[in-house]
Number of protein chains: 2
Amino acid sequence: MTESRGERKERTRRAILDAALSLSEGSALVALSLRQVAKEVGIVPTAFYRHFPSIEDLGLALVEESLDTLRALLRELRHTAGEDAATIIDGSVSVLVEQVRQDHAHYGFIARERFAGPAGVREAIARGIELAERELATDLAHLPGTDTWTDHDLQVLSALIVGAMVITAERLLGTSPGSPAEQRVADDARTQIRMLLVGARNWQSRTP
Amino acid sequence: MTESRGERKERTRRAILDAALSLSEGSALVALSLRQVAKEVGIVPTAFYRHFPSIEDLGLALVEESLDTLRALLRELRHTAGEDAATIIDGSVSVLVEQVRQDHAHYGFIARERFAGPAGVREAIARGIELAERELATDLAHLPGTDTWTDHDLQVLSALIVGAMVITAERLLGTSPGSPAEQRVADDARTQIRMLLVGARNWQSRTP
DNA sequence: CGTGACAGTGCACACATGTTCACTCTCGTA
DNA sequence: TACGAGAGTGAACATGTGTGCACTGTCACG
């Protein structure tokens with residue numbers, strides 16, 4: 001017995017989460033049956049209840065986990081410093097590519113459940129994205145050149161950038177790691193955010 | 001009997017489509033059962049097969065229909081002329097708001113099934129969006145001021161614009177018609193596309 | 001007028017699902 | 001060392017599901 005009681009429980013909990021993640025791939029959370037995941041994990045259906053009261057709660061746990069990796073992405077992005085804007089952008093997109101490649105399952109889950117998931121799941125994801133927008137806005141406010149900007153315009157700009165990131169992530173999900181397609185998506189994303197930043201640089205907030 | 005045989009069949013076909021659209025709202029296509037829609041329509045389950053060979057095909061028909069309304073949006077957008085760029089943008093966003101408001105069910109369906117739907121459905125939607133990007137790119141090419149642009153850069157720019165439109169549509173889906181929230185989303189979208197176009201105006205394609 | 005195509009019915013079946021309950025066995029603790 | 005908590009079992013249930021089959025009635029057409 002090299003495993004403690006708690007470790008063993010945690011291990012099957014993880015197995016359940018992984019099974020759910022893998023099974024819901026190519027479909028949706030709502031099309032996931034308790035018995036299916038139980039069979040995949042290798043436990044009897046009723047044992048599922050020892051870990052989650054329902055599939056819905058399993059979904060919420062999965063969202064929580066996925067949002068964690070999303071937050072990790074943001075943290076990583078924040079540390080992507082550089083000399084000029086161009087290198088910052090290039091680095092950020094690289095980080096995005098890396099993360100999506102690495103946590104493919106989680107990002108796929110978020111993409112799928114963002115609109116198709118149950119209400120609680122949808123709201124949690126929406127909150128996560130909003131948070132990203134707000135954080136980016138405050139980050140932008142501390143950058144030089146944004147002194148003439150309205151708070152609201154900064155908010156709108158970050159929404160635009162985050163939106164571009166989301167769409168890029170969604171596109172990346174459809175490509176395989178290291179493929180030319182992935183490279184193309186990444187390059188295009190870099191170009192897009194550059195365009196977008198050229199726009200920002202020449203922007204002039206109208207005083208309200 | 002004021003209804004012909006064919007009209008009657010078409011009517012229950014429509015009823016099935018509408019029922020599926022309404023029932024899949026708040027969930028997903030994959031979580032839709034044949035018996036459920038049959039009960040909603042008021043026919044016996046097996047009668048469903050007179051109209052569709054399976055739920056999956058029902059889904060494809062719904063996608064087709066939804067993509068039709070998407071194409072209608074594009075057509076409408078194309079006719080939104082104006083003096084300067086600003087009025088074109090304002091008009092286009094207004095059209096988007098109007099259309100999403102009017103065909104809420106279809107756009108919601110697209111948003112939900114874009115990633116959570118079965119493979120065939122996902123691909124059909126992806127093709128529809130790509131088509132929109134290509135069409136916008138050729139439209140942009142005929143505009144003055146884009147002579148120095150690379151074909152590829154034009155393509156990337158339209159992907160960016162279409163992406164912003166998609167995200168705006170998704171945001172609009174969460175607001176109720178005529179609400180202040182809807183107004184806010186629309187206004188922000190106008191600002192975003194303006195920013196984006198300022199970027200485009202100052203863009204300089206690197207010769208490859 | 002008759003007849004056949006065919007939308008819709010009703011029953012049947014085999015199967016999957018969520019949840020219940022009483023149970024076993026084993027680790028951690030008192 | 002004794003025991004209790006609790007992860008996992010296995011049988012049972014009511015219910016929902018897709019689909020097959022024989023059927024009925026009625027509109028359209030020869």
Please assess B/Thr191 against B/Asp188 for the test side-chain hydrogen bond (donor to acceptor under 3.5 Å, both in side chains), listing each intermediate value before the final yes or no. CA-CA 5 Å; B/Thr191 304; B/Asp188 288 357; 5.2 Å; no
Let me see the working for A/Arg194 and A/Asp90 under salt bridge (charged side-chain N to carboxylate O under 4.0 Å, His left out), right down to the final yes or no. CA-CA 9 Å; A/Arg194 278 213 186 86; A/Asp90 288 358; 3.1 Å; yes
Could you walk me through whether A/Asp68 and A/Arg71 pass the salt bridge (charged side-chain N to carboxylate O under 4.0 Å, His left out) test, one step at a time? CA-CA 5 Å; A/Asp68 271 351; A/Arg71 278 186 277 269; 3.1 Å; yes
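In terms of position along DNA chain C, the nucleotide closest to B/Arg5 lies nearer the 5' end than the nucleotide closest to the other residue of the pair B/Arg5 and B/Ile43.
Within residues 47-56 of chain B, the residues approached by DNA chain C to less than 4.0 Å at the level of any non-hydrogen atom are B/Ala47, B/Arg50, B/His51, in residue-number order. At a non-hydrogen distance threshold of 4.0 Å, A/Leu34, A/Arg35, A/Gln36 from residues 34-42 of chain A come into contact with DNA chain C.
Counting heavy-atom neighbours within 6.0 Å of A/Arg8 CZ, excluding the residue itself, gives a total of 12 or less. Within 6.0 Å of atom CG in B/Asp187, more than 12 heavy atoms from other residues, nucleotides or ligands are found, so the atom counts as buried in its surroundings.
The distance between atom NZ of B/Lys9 and atom C1' of C/dA5, rounded to the nearest whole Å, is 11 Å. Following rounding to the nearest Å, B/Arg13 (CZ) and C/dG8 (P) show an atom-to-atom distance of 13 Å. To the nearest angstrom, C1' of C/dT26 lies 14 Å from CD of A/Glu3. A straight line from CG of B/Leu58 to C1' of D/dG18 spans 14 Å, rounded to a whole angstrom. D/dC27 atom P lies 19 Å from atom CD of B/Glu10, rounded to whole Å. The interatomic distance linking B/Arg8 (CZ) with D/dA28 (P) rounds to 11 Å, in whole Å.
A side-chain donor from one of B/Ser94 and B/Arg190 sits under 3.5 Å from a side-chain acceptor of the other.
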Using residues 117-136 of chain B as the side-chain source, report each donor-acceptor pair under 3.5 Å to any protein atom, sequence neighbours left out, with the distance given to one decimal.
from	atom 1	to	atom 2	distance (Å)
B/Arg122	NH1	B/Gly117	O	2.9
B/Glu133	OE2	A/Arg171	NH2	3.0
B/Glu135	OE1	B/Arg78	NH2	3.0

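Residue A/Thr46 has no polar side-chain atom (N or O) positioned under 4.0 Å from OP1 or OP2 of C/dT19. An OP1 or OP2 oxygen of D/dG16 is reached within less than 4.0 angstrom by no side-chain nitrogen or oxygen of B/Ser33.
For A/Ser179 (side chain) and A/Thr175 (main-chain N/O), no donor-acceptor pair under 3.5 Å exists by modelled atom type.
The two residues B/Leu29 and B/Ile55 have their closest heavy-atom pair at O-CG2, 4.5 Å.
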